[in-house]
Number of protein chains: 2
Amino acid sequence: MRLSAKGEYGVRAMVYLALNYENGPVPLRAISQSENISQHFLEQIFAILRREGLIKSTRGAKGGYTLAHLPQHVYVGDIIRALEGPLFPVDCLSEDGQADKNRRCNKTEDCLVRNVWEKLREHIDNLLDNISLQDMLDWSIENKKAEYEKVR
Amino acid sequence: MRLSAKGEYGVRAMVYLALNYENGPVPLRAISQSENISQHFLEQIFAILRREGLIKSTRGAKGGYTLAHLPQHVYVGDIIRALEGPLFPVDCLSEDGQADKNRRCNKTEDCLVRNVWEKLREHIDNLLDNISLQDMLDWSIENKKAEYEKVR
DNA sequence: TAAATCCCGAGTAAATTACTCCGAATTATC
DNA sequence: GATAATTCGGAGTAATTTACTCGGGATTTA
């Protein structure tokens with residue numbers, strides 16, 4: 001039950017894009033260096049994010065990536081789901097019938113546990129779908145303000 | 001971001017023990033057959049649950065496993081954490097300083113994302129620590145009642 | 001003594017993860 | 001038009017994790 005590097009890096013990178021939202025396209029090299037993430041790996045992550053419509057790319061020199069929407073309209077949930085698939089999947093919960101049926105929970109009629117997984121997924125989705133990149137930037141400012149007040 | 005079979009099976013098995021709480025020790029074979037889970041694999045899962053004090057074992061013929069506490073005092077969070085380790089770990093969040101430091105988020109002073117992971121873990125913990133095995137059994141009864149009302 | 005169980009540790013095939021490597025296409029700038 | 005900076009795409013791969021299997025020993029009941 002952990003977040004993979006893809007998801008973790010993806011969110012970090014998206015925050016970086018949010019910070020530079022006004023400055024035109026950001027090249028991967030910059031993110032890679034600043035966040036200390038392999039550039040090749042980032043390329044793969046960004047390919048996904050682009051396919052999912054979360055970022056826009058500009059090719060060629062002076063090119064790079066930009067958020068496809070305002071930071072207040074990009075949610076952590078979108079990023080993570082794009083990169084990791086549905087959150088908290090327990091196979092018996094998969095909507096698309098892709099579940100590995102001969103391996104898991106065949107008693108679908110009366111599965112006592114299913115409710116728990118459903119609740120859990122709802123909670124996680126709900127939380128992450130209510131945190132925008134802008135929120136994260138704002139928290140940071142608040143924290144800094146608080147730090148400052150404390151010092152004074 | 002998914003629950004492993006260990007966690008999933010573990011919860012299913014514990015629900016089974018809750019259902020049979022009054023009937024004395026339940027042998028693995030019964031659970032294995034009823035829940036369609038490999039018995040050897042269950043042994044490993046139960047070894048962990050026992051070490052964590054969630055179940056008690058009785059050896060020998062007519063032996064088996066019993067919940068160590070009343071179903072209303074065993075929480076899903078305990079089961080899953082026992083089997084899967086801390087929920088939603090992002091390495092930069094690990095309390096024990098075990099984090100793979102040269103790989104991830106070295107900017108610990110000012111990590112914008114950390115807050116999100118922390119909130120998320122709190123939420124998940126909080127949810128799962130408030131669902132007891134008894135709750136799950138009760139829900140099932142309620143569902144059945146509702147079904148019944150609907151039919152009537 | 002025999003059968004039923006838990007207990008323990010080693011081994012392993014398959015899947016997943018976290019990348020690397022290569023080269024092509026596109027664009028800006030000189 | 002050449003060069004450099006970038007995105008784009010796919011293939012490959014080493015390490016790790018997962019989901020088990022296998023074998024045998026210890027304990028208890030009948």
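Fair warning: this is a prediction, and the values are worked out from it, not measured in the lab. Proteins get letters first, then strands, A, B, ... in listed order; numbering begins at 1 in each.
- In this structure, B/W117 and B/F88 have tilted ring planes: the angle between them lies in the 30° to 60° band.
- A close approach under 4.0 Å does not occur between any side-chain nitrogen or oxygen of A/S4 and OP1 or OP2 of C/dT16.
- Rounded to an integer number of Å, the gap from CD of A/E35 to P of C/dC19 is 14 Å.
- The closest side-chain heavy-atom distance from A/R50 to A/K56 is not below 4.5 Å.
- Atom-to-atom, CG of A/L3 to P of C/dT17 comes out at 11 Å; the value is rounded to the nearest Å.
- With hydrogens and angles disregarded, a donor-acceptor distance shorter than 3.5 Å links the side chain of B/E84 to the backbone of B/G7.
- Distance B/L28 CG to C/dC7 C1': 10 Å, rounded to the nearest Å.
- Contact annotation: A/Y9 does not reach the phosphate of C/dA18 (side-chain N/O to OP1 or OP2, under 4.0 Å).
- Remark: side-chain polar atoms of B/N126 are not paired, donor with acceptor, to backbone N or O of B/H123 under 3.5 angstrom.
- In this structure, the side chain of A/D78 does not engage the main chain of A/V74 through any donor-acceptor pair within 3.5 Å.
- Take the nearest nucleotide of DNA chain D for B/S38 and for A/M1: the residue whose nucleotide is more 5' is A/M1.
- Under a 3.5 Å cut-off, the side chain of B/H73 and the backbone N or O of B/H69 do not form any donor-acceptor pair.
- Residues B/L128 and B/Y75 do not share a hydrophobic cluster, clusters being chains of Ile/Leu/Val/Met/Phe/Trp/Tyr side chains in contact below 4.5 Å.
- Side-chain atoms of B/R2 do not come within 3.5 Å of backbone N or O of A/M1 as any donor-acceptor pair.
- With C/dT20, D/dT6, C/dC6 as the candidates, the nucleotide lying closest to the side chain of B/Y65 is C/dC6.
- Proximity of residues 39-52 of chain A to DNA chain C (heavy atom under 4.0 angstrom from any strand atom) is restricted to A/H40, A/F41, A/Q44.
- B/K56 has its NZ atom 18 Å from the C1' atom of C/dT5, to the nearest Å.
- Distance B/E8 CD to D/dA19 C1': 12 Å, rounded to the nearest Å.
- One distance of note links CE of B/M14 with CG of B/L54; it measures 5.0 Å at 0.5 Å rounding.
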Nucleotide N/O to protein N/O under 3.5 Å, stretch nucleotides 26-30 of chain C:
residue : atom : partner : partner atom : Å
C/dT26  : O2   : A/G60   : N            : 3.4
C/dT27  : O2   : A/A61   : N            : 3.1

